[in-house]
Structures are given as C-alpha cells and as structure tokens.
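So the structure is just underneath, and the comments pick up after that.
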Amino acid sequence: MKLFDVYPVNDISIVKGKGSYIWDQNGTEYLDMYGGHAVISIGHTHPYWVKKIEQQLRQIAFYSNSIKIPIQQALADKLGKVSGKNSYQLFLCNSGAEANENALKLASFHNGRKRIVSFTKAFHGRTSLAVAVTDNPSLIAPVNETENVIFLPYNDEDALTDYFIKAGDEISAVIVEGIQGVGGINVATESFLQLIRKLCDEYNVVFIADSVQCGYGRTGKFYSHDFAGVEADIYTMAKGMGNGFPVAGISIAPFIRPKHFMLGTTFGGNQLACAAALAVLEVIETENLMNNAKLTGEYLMAEIRKNRELKNVRGKGLMIGFDVPTELKDLKKNLLMKHHIFTGEAKPNVIRLLPSLALKRSDADKFLEALHEEVAVLTRRPAKAESL
Ligand SMILES: Cc1ncc(COP(=O)(O)O)c(C=O)c1O
C-alpha cells in the first residue's frame with residue numbers, strides 16, 4: 001500500500017529527539033528551530049513528560065467519556081491557573097481543526113446565528129467549517145463552500161466596523177489568530193483585537209481566539225490575544241498542548257452554557273492525552289518557560305534585525321518571522337542541508353521560527369551564527385552581522 005501523497009517532504013527521517021535537538025537515522029544532529037511545526041513546547045522527549053505518559057500508560061490509556069475521568073478535571077484546573085482563566089470551561093478534543101469546528105459550532109448554538117467573520121490570510125484547519133474560514137481557496141473542496149463566511153482584511157478596523165454596522169445582528173462569531181502562523185507571522189494590532197471585543201459585546205457575537213499556533217505560552221503570554229488586554233469568549237488550542245502527543249481543547253467563557261450532547265468526541269480527553277497535557281503545563285510552570293520564550297524571542301529578533309538583508313523581522317516570543325529576498329531563496333534549504341538546522345516557512349518568502357519554549361540562549365546563538373554566515377555566503381559578503 002502506498003502513502004497518500006499530500007505533502008512535499010525533506011529526504012530526512014528523524015529517529016530521536018531531546019530538548020531542541022533531533023537526530024536522523026545516520027546519527028546526524030539537527031537543531032530544531034521549527035518545533036515540528038510549533039508543536040514541541042517543552043522540548044523533545046522531556047523526561048518529566050515521558051515519565052508521566054509512561055505512568056499513565058501502565059494504568060489505563062483510554063476509557064470513554066461515559067465515565068468520570070478525574071485527570072480531565074486536574075488538567076482543567078491547571079489550564080485555568082496557567083492561562084489565567086479559572087472561570088472558563090474546558091472541552092477536550094484531538095486537533096486544531098476539531099477545536100475550531102467545535103468553537104464555531106458552539107458559538108452558533110449559543111446565539112442561534114450562522115454568519116462568521118474571518119480574515120485575509122487566516123488559517124484555521126482543514127475540516128469542513130475550519131477550512132471554510134481559512135483564506136485559501138485551494139484547500140476548500142466544493143462541499144466545504146458556504147455563504148456563511150465573510151473574509152475581511154486583517155487589522156482593518158474600518159472594514160470591521162462597517163461590516164458590523166451592516167450585518168452585526170446576523171454574525172455568530174468572529175474567529176481570529178492573535179498572530180497568523182501559516183499566513184506568515186502577521187501580528188494582530190492591539191487596537192484591532194480591542195475593537196473585535198467591543199463590537200462582539202455590542203452585537204452579542206462570540207469572539208473566538210484561535211490560539212492553536214500562537215497560544216500555549218509561545219509568545220511569552222499564555223494566549224497572544226492577552227497582549228491586547230482583552231478576553232475572548234472561546235480560545236482554541238492544540239499544537240503545544242501535548243508537546244507532540246495529539247490533544248486539543250477549547251476554553252469557554254462561563255456565560256456559554258453546555259447542554260448534553262451539543263459537543264462530543266470518542267478520543268478527546270482520554271487519560272493518556274490528559275497525562276501528556278498536564279505534564280506540559282506543569283513543566284511550563286516549573287521551568288518558567290513563558291518567560292524564557294519572551295526573553296529568548298526578544299534576543300533572537302534583535303539579533304536577526306541586525307542583518308540588513310533580512311527584512312521585516314516580526315513576531316512575539318518564540319513565534320518569529322522574517323522576509324527573505326529572492327537572492328537568498330536557498331537560505332532555508334542551506335540552513336537545513338549545510339548547517340543542520342530546521343526552520344519553518346510561509347509562502348512565498350517567509351522563514352518562520354517556532355522552536356521549543358525551552359530554547360537555550362546558546363542554541364539561539366548557534367542558529368544566529370549559521371544564519372548570518374549563510375546570508376553572507378549567499379550574498380557573497382563578510383560574515384559578521386555588524387559589518388552588513
Ligand atoms: C492557527 C491554526 N489553527 C488551526 C490549525 C489546524 O490544526 P490541526 O492541523 O491540528 O488540525 C493550525 C495548523 O497549522 C493553525 O496554525
């Protein structure tokens with residue numbers, strides 16, 4: 001049987017990981033500045049996380065949501081504390097797309113409306129409604145097409161206000177990434193998020209903060225929307241939540257009331273997933289990883305900005321993007337093949353950095369040295385950042 005060929009892949013097979021490093025089948029070591037697509041939050045195979053999963057595995061891995069699962073409540077308590085949203089309610093599921101599906105569905109159940117506001121360059125997943133609110137027509141199959149979704153320009157306050165004046169009473173939800181990931185690391189302005197909050201309050205619209213990529217402490221705050229000093233009604237989360245163990249969730253404001261069977265899932269919230277997710281939050285807390293993400297991210301951004309060949313360095317914490325001019329188009333490939341450093345990308349010309357929140361300063365330096373050297377080689381100039 002062949003694999004269904006949906007991704008272009010690097011000809012590398014990773015067999016081992018530890019902290020911010022991974023190794024291929026030949027024993028070659030790579031620095032992981034990509035975090036397996038923003039998934040590795042506390043570091044590959046973190047010993048505490050491994051221990052907690054192993055312990056749980058020996059007890060019970062799965063039993064259905066038809067029984068009480070105390071570790072779900074332990075996870076909810078810890079998430080409420082670390083995210084600063086103690087009064088919110090947790091629904092557990094399995095992937096980012098599923099989290100967004102449930103959030104959008106819940107909003108519609110709540111206010112009985114159908115229309116959804118999304119934004120240009122948004123990415124929210126590949127399942128039916130999640131892909132319908134994703135601004136990439138090539139991902140939307142005919143069956144996913146819907147007239148219920150409108151795309152407004154990201155960070156355009158006038159367009160948002162105008163649309164609310166026109167159709168505010170029909171809107172069920174606004175869904176927005178605090179920092180667009182797939183879209184190329186575009187940071188929402190604080191005033192834009194504050195306006196969304198204000199308009200949602202005025203028109204009884206549910207504010208959904210997609211925190212699948214930009215959440216879970218990656219930016220230095222638990223949710224990147226926190227920078228604007230506003231609270232969303234529903235936060236969706238996935239990638240960093242399990243440090244590679246598939247687990248996702250939505251954090252729901254107390255005014256949204258549950259009814260039996262309005263949401264549900266077979267695997268969501270299983271004991272093993274909860275053990276992994278709980279271990280992640282414990283490590284984020286005990287190792288002060290949000291602060292590390294903030295400081296190491298600020299350092300990286302300041303150092304990358306010194307290189308004048310790289311444009312528009314942006315982001316927050318360890319969610320960083322910069323534009324690569326055409327003459328440096330081989331930069332990402334050379335970082336991987338010559339320097340053994342994984343980075344992420346966003347089409348057409350953005351390099352994305354999404355490493356573990358535990359990235360050490362020495363590893364940031366290792367990346368910066370390789371980056372400046374490779375930029376110099378590709379532009380045939382001296383290697384030192386200061387002299388560029
Ligand atoms: C912001 C955002 N939302 C949702 C998703 C979908 O998550 P998943 O691939 O787990 O379904 C992604 C994945 O990249 C994402 O970046």
Side-chain angles (χ1 to χ4, degrees), residues 4 6-8 34-41 91-107 116-136 138-141 144 149 151 154-155 173-188 193 196 207-219 222-226 232 234-251 265 267-269 273 276-277 280 315-321 342-347 350 352-355:
F4 200 53
V6 289
Y7 290 118
Y34 170 58
H37 208 84
V39 164
I40 301 305
S41 46
F91 175 75
L92 289 159
C93 52
N94 309 283
S95 71
E98 198 188 341
N100 285 329
E101 288 292 332
N102 281 295
L104 292 162
K105 190 173 170 184
L106 190 54
I116 302 163
V117 173
S118 184
F119 298 100
T120 46
K121 292 204 170 176
F123 185 90
H124 297 294
R126 292 164 189 277
T127 56
S128 61
L129 203 45
V131 83
V133 292
T134 288
D135 183 25
N136 183 345
S138 69
L139 305 183
I140 300 177
N144 303 130
V149 179
F151 290 95
Y154 191 64
N155 278 336
V174 174
I175 183 164
V176 64
E177 295 159 84
I179 301 178
Q180 292 185 329
V182 176
I185 312 291
N186 308 313
V187 182
L193 295 175
I196 294 176
F207 179 170
I208 301 173
D210 183 335
S211 302
V212 167
Q213 187 165 151
C214 60
Y216 245 76
R218 173 157 297 284
T219 60
F222 195 80
Y223 298 119
S224 66
H225 305 72
D226 293 347
I234 304 180
Y235 296 88
T236 64
M237 61 205 85
K239 291 188 190 296
M241 191 171 182
N243 195 45
F245 197 100
V247 54
I250 65 177
S251 176
T265 155
F267 292 124
V280 168
K316 280 199 161 81
L318 288 172
M319 183 163 188
I320 299 171
F342 272 90
T343 56
E345 68 183 334
K347 302 280 183 229
V350 179
R352 267 195 290 170
L353 304 179
L354 303 158

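The shown structure was predicted, so the numbers you read here are calculated from the model rather than taken from an experiment. Every number for a ligand or one of its atoms is a count from 1 in the order of the listing.
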On the 0 to 90° scale, with breaks at 30° and 60°, tag the Y235-H225 ring pair as parallel, tilted or perpendicular.
perpendicular
Can you list the ligand 1 atoms lying under 4.0 Å from a non-hydrogen atom of S95?
10 (O), 11 (O)
Pull out every atom of ligand 1 sitting under 4.0 Å from any heavy atom of V212, numbered as shown with elements.
2 (C), 3 (N), 4 (C), 5 (C), 7 (O), 12 (C), 15 (C)
Taking only heavy atoms of G125, which atoms of ligand 1 are found under 4.0 Å from at least one of them?
4 (C), 6 (C)
If the contact criterion is a heavy-atom separation under 4.0 Å, does K239 count as touching ligand 1?
yes
Geometric N/O contact E98 with ligand 1, under 3.5 angstrom
no
For ligand 1, find out whether one of its N or O atoms is nearer than 3.5 Å to an N or O atom of E177.
no
Close side-chain approach of N243 and V39, heavy atoms under 4.5 Å
no
Side-chain donor-acceptor contact under 3.5 Å, S138 with N136:
yes
If you scan protein heavy atoms around atom 3 (N) of ligand 1, the nearest is D210 OD2, 2.8 Å
Please confirm whether the ring centroid of Y216 lies under 6.0 Å from the ring centroid of F222.
yes
Under a 4.0 Å heavy-atom limit, does A97 contact ligand 1 with its side chain, its backbone, both, or neither?
both
At what distance is the nearest protein heavy atom to atom 2 (C) of ligand 1, and which residue and atom is it?
F123 O, 3.4 Å
Counting both backbone and side chain atoms, is some N or O of G96 under 3.5 Å from an N or O of ligand 1?
yes
When you measure from the side chain of N144 to the backbone of I140, do you find a donor-acceptor pair of N or O atoms at a distance under 3.5 Å?
no
Per atom 16 (O) of ligand 1, closest listed option by heavy atom (H37, M241, E101, Q213):
Q213
Under the 3.5 angstrom rule, does the side chain of S95 hit a backbone N or O of E98 as a donor-acceptor pair?
yes
H124 contact mode with ligand 1 (heavy-atom cut-off under 4.0 Å):
backbone
Partner of D210 under side chain to side chain contact (heavy atoms under 4.5 Å, CB included), chosen from I234, V133, V176, T236
T236
Just jot down the ligand 1 atoms closer than 4.0 angstrom to any heavy atom of N100, in number order.
3 (N), 4 (C)
Quick check: do V212 and F123 have side-chain heavy atoms less than 4.5 Å from each other?
no
Ignoring hydrogens and angles, tell me if any N or O in the side chain of N94 forms a donor-acceptor pair with the backbone of A99 under 3.5 Å.
no
